[in-house]
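Please read the structure below before turning to the comments.
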There are 2 protein chains.
Amino acid sequence: MGSVADDISEKLESEIVEGILPPGTRLEEPALAERFGVSRTPVREALQRLAASGLVELKPRRGTQVLNPSTVRIVEMFEVMAELEAACARLCARRATPELIAELHGWLRKCESAVHDVSAYYAANRGFHSAIYAGSGNSFLTEQAELLHLRLTPFRRQQLRVPRRLRQSLAEHAMIVAAIEAGDDAAAAMAQRAHILIQGERFTDFMAQLSRGDAKLQPRSK
Amino acid sequence: MGSVADDISEKLESEIVEGILPPGTRLEEPALAERFGVSRTPVREALQRLAASGLVELKPRRGTQVLNPSTVRIVEMFEVMAELEAACARLCARRATPELIAELHGWLRKCESAVHDVSAYYAANRGFHSAIYAGSGNSFLTEQAELLHLRLTPFRRQQLRVPRRLRQSLAEHAMIVAAIEAGDDAAAAMAQRAHILIQGERFTDFMAQLSRGDAKLQPRSK
DNA sequence: ATTATCGCTTGTGTATACACAGAAGTCGAT
DNA sequence: ATCGACTTCTGTGTATACACAAGCGATAAT
């Protein structure tokens, strides 16, 4: 790609996703330009791309800042994520090949063996879901799912920390695979949807918990 | 917005959607800059935004061209559209208010009375679907649905020309509304999905028909 | 005659410079 | 002392200029 602009957007993207640049952070072009040792031009391009991915908000004449969606908005995004993943699972069930089934069982085993290591489980979980995206056999759907997954990453960080959630997640994975293996597309979709929607609920729980004890997150303006 | 860049992107967007700039058209920055009487800078911004909307393709060092997806890609996009709309219908059925039901019936009547006027039906059809998007009560989902609908517009132009398709579409609308009215979310989703998937099938029919008699569309390179 | 290489042209990528709108800080008035 | 208007300053939006890669054509060699 236009190397410089692309490098910058990738770097910023990862920093946003990893939480180094938390939601609401202002991104000023001159500062970024100096930081990366380039002019403002490629910086602007990078910011536009991030806005395209939905990671930052580009207010006219008022600068750029890392997207800071309201709680309801985040829940809405999780709801759409649930529907996209349900669609993937549905298509998986209808088009499942022995190879796909085997791959899913592989990820299932990886998840099981990582049940005591949160970050390892995180990685295995990621692989499992990606396999389902790809297993849909619809490359456009796969891309859309991956993109939205990325956009939600900053808000999913706390999810799996909840003690019992991890084992429950594992059990849900098994149910999903069973439904896909049985070719039961409706069941696969429903299981997958529920599996994701729980994350939205967990998120609201988390937020409620915060707003009781910690007022710092109040400035979720917009 | 940054007026100029925004005006340009809106103008180009409508021209792409209306088919004035057909898929595959090369968009060269100097030419566009001269045409709009501005420098290349805002033109580049406009093109980046269009790339963000998925209306154009931005190949590095090789310029911009109106997105020219392969046939399978278009079918994939219709498949995702079907899933998004199914999700909207599902949520409509679960959250349906009397107001929404009334509005849907209104669009239904508009569609009926326009059954002999293709362009009028097109408008009424558009309104019907938008109402279902909005009726989901999920603003993010609504936006995503509207966006993908827009992206598919250039490839949907020929759809409703097919003689019997129009009445069939009308009947499907009625079934969808009935399911929503009954609060049967699964039925609503299924009906809506089928309603959209037919468009994808129609599209492949159309393409097959073309590639038999007309070789002009061969250069769907990509 | 065909092909390969070189140079030119065209168009994209980046840098710099200027114009202007918003925000903030200062000064004055009540 | 507080509030309001004005000035200043920071940061975005646009224009222009330069750098360089890719495509094209012409020329020359086999």
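Quick note on labels: first sequence line is chain A, next is B, and so on, each numbered from 1. All of these numbers come straight from a predicted model, not from anything done at the bench.
Defined by atom type and a distance below 3.5 Å, a donor-acceptor pair is present between the side-chain atoms of A:S130 and A:R126.
The aromatic rings of B:F203 and B:F78 sit tilted, their planes meeting at an angle between 30° and 60°.
Among the protein residues, B:L32 comes within range of no part of the nucleic acid, since none of its heavy atoms lies under 4.0 Å from any strand.
Each of D:dA15, C:dT14, C:dG13 was ranked by its minimum atom distance to the side chain of A:S39; first place goes to C:dT14. Among the nucleotides C:dA15, D:dG13, D:dG11, the one closest to the side chain of A:E29 is D:dG13. Closest to the side chain of A:T41, from the set D:dG11, C:dG13, C:dT14, is C:dT14.
Residue A:K59 contributes atom NZ, which lies 18 Å from atom C1' of D:dG13 at whole-angstrom precision. When rounded to the nearest whole Å, the span between CG of A:D6 and C1' of C:dT12 equals 14 Å. For the pair A:R44 CZ and D:dA15 C1', the computed distance is 12 Å after rounding to whole Å. Straight-line distance from the CD atom of B:E28 to the P atom of C:dT9: 17 Å, rounded to whole Å.
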Could you list all N or O pairs between the protein and nucleotides 7-9 of chain D that sit under 3.5 Å apart?
none

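Close to D:dT12, at under 4.0 Å from its OP1 or OP2, lies no side-chain N or O of A:R40.
Scanning both residues, B:N68 and B:P23, for their nearest heavy atoms gives OD1-CB, 3.7 Å.
A distance-only check finds no donor-acceptor pair linking the side chain of A:Q192 to the backbone of A:A89 [under 3.5 Å]. At least one donor-acceptor pair under 3.5 Å links the side chain of A:T142 to the backbone N or O of A:Y133. The closest donor-acceptor contact from the side chain of A:R95 to the backbone of A:S136 lies under 3.5 Å.
Mapped onto DNA chain C by nearest heavy atom, A:R62 and A:P42 fall at different nucleotides, with A:P42 at the one closer to the 5' end.
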